[in-house]
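For reference, the structure is listed below as C-alpha cells.
Each chain gets a letter, A, B and so on, in the order its sequence line appears, and its residues count up from 1.
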Amino acid sequence: MAVATIETSGLTRSYGEICALKPIDLSVPEGEWLSVMGHSGSGKSTLMNLVGGLDRPTAGALVVGGQDLSTLTEDGLARFRREYVGIIFQQHHLVPYLSALENVMLSQYFHSVPDEAEARHALERVGLGHRLKNRPGELSGGEQQRVCIARAIINSPKLLLGDEPTGNLDHKSTLMVMELLKELRAEERFTVVMVTHNEEVAAWGDRTIYLTDGVLVREERTRS
Amino acid sequence: MLIRILKNSFLKRPKSVLLVLLSITMGAAVATAFLGIAGEVSHKMALELRSYGANILLEPTALEGGGYLREDDLPKIKTVFWKYNITGFTPYLFGVADLAAAGRHERSVVAGTWFSKEVQVPGEESTEQGIKGMAPWWDLKGRWPEAADEAIVGAALARRLKLVQGSELAATVRGTVQRFRVCGVVTTGGFEEEQLFAPLVTVQQLLGQQGKISRVLVSALTVPMDDFGRKDPSTMTKDEYEKWYCTAYVTSVAKNVEEVMSGSRAKPIWQIASAEGALLTKLNAVMLLLTLLALGASATAVSTSLMASMAERSPEIALMKAMGADRFQISSIFLGEILIISVVGGLIGYLIGNQLAALISHTVFNSTIASPLWLIPMAVGSAFLVACAGSIAPLRRALLIEPVRVLKG
Ligand SMILES: Nc1ncnc2c1ncn2[C@@H]1O[C@H](COP(=O)(O)OP(=O)(O)OP(=O)(O)O)[C@@H](O)[C@H]1O
Ligand SMILES: [Mg+2]
C-alpha cells in the first residue's frame with residue numbers, strides 16, 4: 001500500500017456566501033496521476049490551489065506530503081511550494097523580461113542556487129535546447145508551456161500540479177506536452193494532479209475525479 | 001541570478017525605472033543643493049547680521065578713577081587667535097566739553113574715534129577700521145571727517161546749536177580750545193544724536209589724554225551659544241577649556257580680545273549676540289526643514305511611481321510567489337532594484353545639486369562655492385532613505401499580492 005501524498009477530509013473553501021468547494025474527502029497515493037474534471041466554476045482550480053499551498057482552506061484537514069498545510073505560516077507555505085510542488089498553469093506564466101533559460105533558473109534561485117548547466121539540461125529534455133536565450137514573447141504557445149514544464153520539474157518536486165496546462169494548445173502540441181509529462185513522470189516518479197476539460201487528456205491519468213458545484217460526484221479508474 | 005534579474009528588469013522596463021530614478025535624483029539634487037549652500041547662507045547671514053552693531057564691548061577694568069585703555073594695543077586685536085572672525089573694531093574716548101557756536105552754548109559729550117583708519121599689522125593685510133565700516137545704519141548727512149579739525153554732530157545736538165554742514169564750533173575743556181568744522185550731521189536713533197564725533201587724536205589732545213581710549217566696540221563672527229558655551233570657563237577642565245576656546249562663542253572671542261588689551265575687560269553685548277544666535281539657529285532649522293520637505297516630496301513621488309509599476313508587475317510577483325518565493329526573496333529583488341536606482345540617483349543628484357548650489361550662490365550671493373565631498377555619501381544616503389521610505393507602501397502591496405487571484409486558470 002503506497003503512502004498517500006494528498007489526504008483531505010472535509011476540505012472546504014468558501015468565498016463568503018459562495019461555497020466553491022463543499023467538504024471533500026480525497027486521498028491520492030504517492031506516484032498517482034490524478035485527473036480532475038468538471039464544468040467551468042465547479043471548483044477544480046480551487047482544489048488545485050489548496051493542494052499546491054497557494055490558498056488556504058476555510059475548513060477541513062489538508063495534509064500534503066505529510067505536512068498539515070493549515071498549520072503553516074505564509075513563508076512556510078512558500079517554502080512548501082518551492083521544495084515540494086511544481087506548478088504549470090493554463091496561461092504560460094513566464095517572467096517576460098527573462099530568457100527561457102533565466103526563467104528556469106529563477107525557480108532554482110528561489111529554491112536554492114541557480115545552476116545554469118542543470119537548467120539548460122532541463123530545457124533540452126523538453127526539446128528546447130536551441131531556444132535557451134529567447135524571451136517568452138519569441139516562443140510559440142507550446143514552446144512556452146514546455147518552458148513552464150522545465151521550470152516546474154527543475155527542483156525535482158514530489159508533486160506536479162497542472163491547471164489546464166494544455167487548455168490553450170492545439171491537438172499536436174497537447175500530445176507532445178502529455179507525452180513529455182508521461183516520460184518525465186516515468187523518470188522522476190512524482191505525483192500528478194491535473195485539471196482538464198478534455199476527456200482525452202484526462203485519460204492519460206490513472207484516475208479521474210469529477211466535480212460539480214464543488215462536490216466530488218464521481219470518480220473512475222482509467223484502463224491502463 | 002539576482003543581478004541577472006535586476007539587469008533584465010531594468011533593460012526591459014526603462015520607462016518606469018527612469019521615472020523612479022528621476023524622483024530620487026530630484027530629491028538628492030535638492031538635498032545636495034540646500035545642504036551645499038546652507039553653510040554659505042549661514043556665513044553670509046552672519047556677516048550681514050554683523051552690520052547691526054558690535055557684539056563685544058571692551059572697557060577698562062578699573063572703571064572708577066577714570067581707567068583707560070591704550071590706543072597702542074589696538075592693532076593687537078588683529079593678531080589674536082580669532083582674528084579672522086573679527087570683522088571690525090572701533091575705539092572711543094569720551095569727554096565732556098563746552099561747545100559754542102554762533103552765540104549758543106552747551107555742555108556736551110565729545111567722542112574721539114576712528115572713522116576709517118588703516119590698521120597695519122606685520123604679516124597681515126592692512127584693514128580699514130572704524131565707525132564707517134561698523135555702523136552702516138548711521139544716517140549721515142554730509143561726509144565723514146577727514147582732517148583733524150573736522151567733526152560730525154548728532155542730529156539733536158545740531159538742532160539745538162543750529163549747526164549744519166559747514167558750520168564752525170569751538171570746544172573748550174579746562175581752558176584748551178579746539179575749533180571744529182562740521183562736515184556732517186548724523187541720525188542714528190540713539191544716544192549718538194546728542195554727541196559730537198571727532199578724530200581720536202584731536203579729542204585726546206583736547207582732553208589731555210594722549211594715547212588713551214575709554215572703550216572699544218568689537219564686531220565678531222560667532223557661533224550661537226549652546227549649553228556648553230554657557231558654562232563658566234573658570235570651572236572647566238583643561239580639555240573643556242581648550243574646546244571652549246577653540247569654538248567661536250561670543251564669550252571665547254571676547255576672552256581672546258581681552259587678553260591682548262591690557263587692563264581691559266570684555267563683555268558680550270547680549271542683546272545683539274543672543275538675537276543673532278537665535279536668528280542663525282532658526283535659519284539653520286529652516287534650511288534643514290526645507291531639505292527634509294524636499295526629501296519627503298521626492299519619497300512621495302517615488303512611492304507613486306513604484307505603485308504604478310507594481311500594478312503592472314503584479315503577475316510577475318504573483319508568479320514568483322507561486323514558484324515559492326517567500327517574502328524575503330521578493331523583498332530582496334525590489335530592494336536590490338531600489339538600492340541600485342538610489343546609488344545612481346544619488347550620484348546624479350549630487351552632480352545636479354552641486355551645479356544648483358553653485359548657481360544659487362552665484363545669483364544670490366554673487367560668490368562661488370565648491371560643495372564639500374562629504375555631500376556625495378550624504379546625497380547617496382539621502383537618496384537611499386528617500387527610496388526606502390518611498391518603497392514601503394509599494395513593497396507592502398507586493399507582499400500582499402495573492403497569486404491565486406492574479407494567476408486565475
Ligand atoms: N476569489 C474568489 N472570490 C469569490 N468567488 C470565487 C473566487 N475564486 C473562485 N470563486 C468561485 O468559486 C467557484 C469555483 O471556482 P474555480 O476557479 O475553482 O472554478 P474552475 O472549476 O477552476 O472553473 P474553470 O474551469 O472555469 O477554471 C466559482 O463559482 C467561482 O466563481
Ligand atoms: Mg480553473
Side-chain angles (χ1 to χ4, degrees), chain A residues 13 44-46 48-50 52-56 73-99 101-103 105-111 113-116 119 135 137 148 151-152 154-155 157 161-165 167-168 195, chain B residues 1-21 306 308-338 340-341 395-409:
Chain A
R13 179 65 168 104
K44 304 183 298 292
S45 296
T46 305
M48 205 204 70
N49 291 335
L50 288 173
L54 283 164
D55 194 10
R56 288 172 184 279
T73 61
E74 197 67 25
D75 283 345
L77 276 179
R79 186 194 176 87
F80 164 78
R81 288 198 294 271
R82 65 175 177 257
E83 301 202 327
Y84 200 84
V85 188
I87 307 180
I88 310 164
F89 296 96
Q90 175 175 7
Q91 267 112 16
H92 342 280
H93 288 292
L94 293 166
V95 180
Y97 53 78
L98 295 179
S99 69
L101 185 66
E102 286 163 341
N103 263 286
M105 287 168 68
L106 187 62
S107 186
Q108 292 178 312
Y109 170 69
F110 291 138
H111 180 267
V113 277
D115 178 340
E116 193 170 331
R135 293 183 204 281
C148 289
R151 183 182 64 195
I154 189 68
N155 298 318
L161 301 178
D163 194 346
E164 300 186 47
N168 282 354
V195 172
Chain B
M1 186 69 203
L2 187 58
I3 293 171
R4 245 161 130 157
I5 299 175
L6 298 182
K7 193 187 92 195
N8 285 304
S9 142
F10 283 157
L11 291 178
K12 269 291 170 180
R13 306 175 303 112
K15 251 197 244 154
S16 46
V17 171
L18 275 181
L19 207 62
V20 178
L21 184 65
L306 275 183
S309 91
M310 210 49 95
E312 169 199 323
R313 297 178 78 178
S314 64
E316 180 191 320
I317 297 159
L319 178 65
M320 290 178 178
K321 285 188 156 185
M323 284 160 69
D326 57 29
R327 285 177 298 180
F328 174 77
Q329 290 172 322
I330 300 273
S331 309
S332 59
I333 291 178
F334 287 94
L335 292 180
E337 289 188 8
I338 281 303
I340 294 175
I341 298 181
L395 191 61
R396 271 176 64 103
R397 179 160 155 176
L399 292 178
L400 284 177
I401 287 176
E402 290 177 47
V404 208
R405 281 173 189 258
V406 182
L407 305 175
K408 275 240 179 287

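When heavy atoms are compared at a cutoff of 4.5 Å, B/I317 does not approach chain A at all. For A/L54, the parts lying under 4.5 angstrom from a heavy atom of chain B are both the backbone and the side chain. Contacts between B/I5 and chain A at a heavy-atom distance below 4.5 Å involve backbone atoms as well as side-chain atoms. Looking at A/E116, only its side chain comes within 4.5 Å of chain B, counting heavy atoms on both sides.
For B/I3, the CD1 atom counts as loosely surrounded, since its 6.0 Å shell holds 12 or fewer non-hydrogen atoms of other residues, nucleotides or ligands.
One distance of note links CG of B/D326 with CZ of A/R81; it measures 9.5 Å at 0.5 Å rounding.
Evaluation of the side-chain contact (heavy atoms from CB on, under 4.5 Å) rule for B/R405 yields B/E402 as partners, not counting sequence neighbours. Taking the ring pair (Phe, Tyr, Trp, His ring centres under 6.0 Å) definition, one finds that A/Y109 meets it with nothing, sequence neighbours left out.
Ranking B/A318, B/P315, B/A325 against chain A, the residue ahead of the rest is B/A325, based on heavy-atom pairs under 4.5 Å.
When side chains are defined from C-beta on, B/K321 does not count as touching B/V406, because their heavy atoms never get closer than 4.5 Å.
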